[in-house]
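Residue numbers start from 1 in every chain, and the chains themselves are labelled A, B, ... in the order their sequence lines are given, proteins ahead of strands. These numbers were taken from a predicted model, which means no experiment stands behind them.
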Amino acid sequence: MQPVDREFFRRDSRIVAPELLNKQLTRNGRSGRIVEVEAYAGSEDAGSHAYRGQTERTTVMFGPPGHLYVYFIYGIHWCANAVCGDDGHASAILIRALAPTAGLEDMRRARAKARRDRDLCSGPAKLCQALGITGDDNGCDVIIGDRGIQILDDGTPPPVEPGQGTRIGLSAGVEHPWRWVVTGDSNLSRPV
DNA sequence: ACCGGGATGTTCT
DNA sequence: GAACATCCCGGTG
């Protein structure tokens, strides 16, 4: 288990996203293997929060790679992205699902409504609940592990042939096939 | 199993 | 004032 290098994230999110599969997202003993991601490609991408330029909300996305962009959605939920690309490029990867690997008791407590373990982290807002990620964590550095949040490499390579499809829940930019999954994993938010 | 709708508040027009 | 990178619950088959 070693932290992913910052240079790993200093590339376009569409390149990094499939490679992020099977890395571990961890926080203070709660961990999960990343099994579903979506790439957002900044100002070129009508589906990205950064499409209309930098705002207060999207400041972190425009910053250096290796940080967490956390946003609030539908009045209820938090979702987390890994910021990619060099400084000034609003490239990011939405982490959409984890296969829980450690700290299951804490996750079940944080997600009391989840009936089965496969419901703990099978969605972008569910996994934030399970790991206790909120707006307070916006901007934290996942390389050095601010606030206990890290992305680690446990030696498992990404899938040779990840499943690929269009992104979920968008009204603009729906045409781009920038969602990648570990095919067949039981923790996906939806099959491809 | 699948589908429809409500929750709830920040962000941007 | 509308839209929103979602989730959960309660209906019906």
Nearest whole Å is fine: how far is [N] [atom2] from [X] [atom1]?
{"X": "Tyr40(A)", "N": "dC4(C)", "atom1": "OH", "atom2": "C1'", "result": "12 Å"}
{"X": "Asp136(A)", "N": "dT10(B)", "atom1": "CG", "atom2": "C1'", "result": "15 Å"}
{"X": "His176(A)", "N": "dA5(C)", "atom1": "NE2", "atom2": "P", "result": "16 Å"}
{"X": "Trp78(A)", "N": "dT10(B)", "atom1": "CH2", "atom2": "P", "result": "9 Å"}
{"X": "Arg190(A)", "N": "dC3(B)", "atom1": "CZ", "atom2": "C1'", "result": "13 Å"}
{"X": "Tyr74(A)", "N": "dC12(B)", "atom1": "OH", "atom2": "C1'", "result": "16 Å"}
{"X": "Arg111(A)", "N": "dC7(C)", "atom1": "CZ", "atom2": "P", "result": "8 Å"}

So, does [X] get its side chain near the phosphate of [N], meaning an N or O under 4.0 Å from OP1 or OP2?
{"X": "Ser171(A)", "N": "dA3(C)", "result": "no"}
{"X": "Arg52(A)", "N": "dT11(B)", "result": "no"}
{"X": "His49(A)", "N": "dA5(C)", "result": "yes"}

Given Watson-Crick or G-U pairs with both distances under 3.5 Å, what dot-bracket string fits DNA chain C, with | for other-strand pairs and [ ] for crossing? ||||.|||||||.

Choose from dA7(B), dA5(C), dT10(B) the nucleotide whose nearest atom is closest to any side-chain atom of Phe72(A). dT10(B)

Counting side-chain heavy atoms from C-beta on, which of dC12(B), dT6(C), dC8(C) comes nearest to Lys113(A)?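 Given the options dC12(B), dT6(C), dC8(C), the side chain of Lys113(A) is closest to dC8(C).
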
Does atom CD of Glu161(A) have more than 12 heavy-atom neighbours from other groups under 6.0 Å away?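 Open: at most 12 neighbouring heavy atoms sit under 6.0 Å from CD of Glu161(A).
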
In this structure, are over 12 heavy atoms from other groups packed under 6.0 Å from Phe72(A) atom CZ? yes

Tell me whether the NZ or CZ atom of Arg167(A) lies within the 45° cone about the ring axis of Tyr40(A) and under 6.0 Å from its centre. yes

Would Arg6(A) pass as a cation-pi partner of Phe8(A), given that its NZ or CZ must be under 6.0 Å from the six-membered ring centre and within 45 degrees of the axis? no

Is the ring centre of Tyr71(A) under 5.5 Å from the base ring centre of dA5(C), and are the two planes under 30° apart, so that they stack?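 Ring-base stacking flag not set for Tyr71(A) and dA5(C).
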
Check this for me, if you would: do Arg14(A) and Glu44(A) make a salt bridge, where the nitrogen-to-carboxylate-oxygen distance has to be below 4.0 angstrom?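 So Arg14(A) pairs with Glu44(A) through a salt bridge.
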
Between Arg33(A) and Asp154(A), does any side-chain N to carboxylate O distance fall below 4.0 Å?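 Salt bridge: no.
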
Tell me what Arg167(A) touches on the nucleic acid: a base, only sugar-phosphate, or nothing, going by heavy atoms under 4.0 Å.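 Nothing, no heavy atom under 4.0 Å.
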
Give me the other members of the hydrophobic cluster that Ile15(A) sits in, counting Ile, Leu, Val, Met, Phe, Trp and Tyr linked by side-chain heavy atoms under 4.5 Å, directly or via other members. none

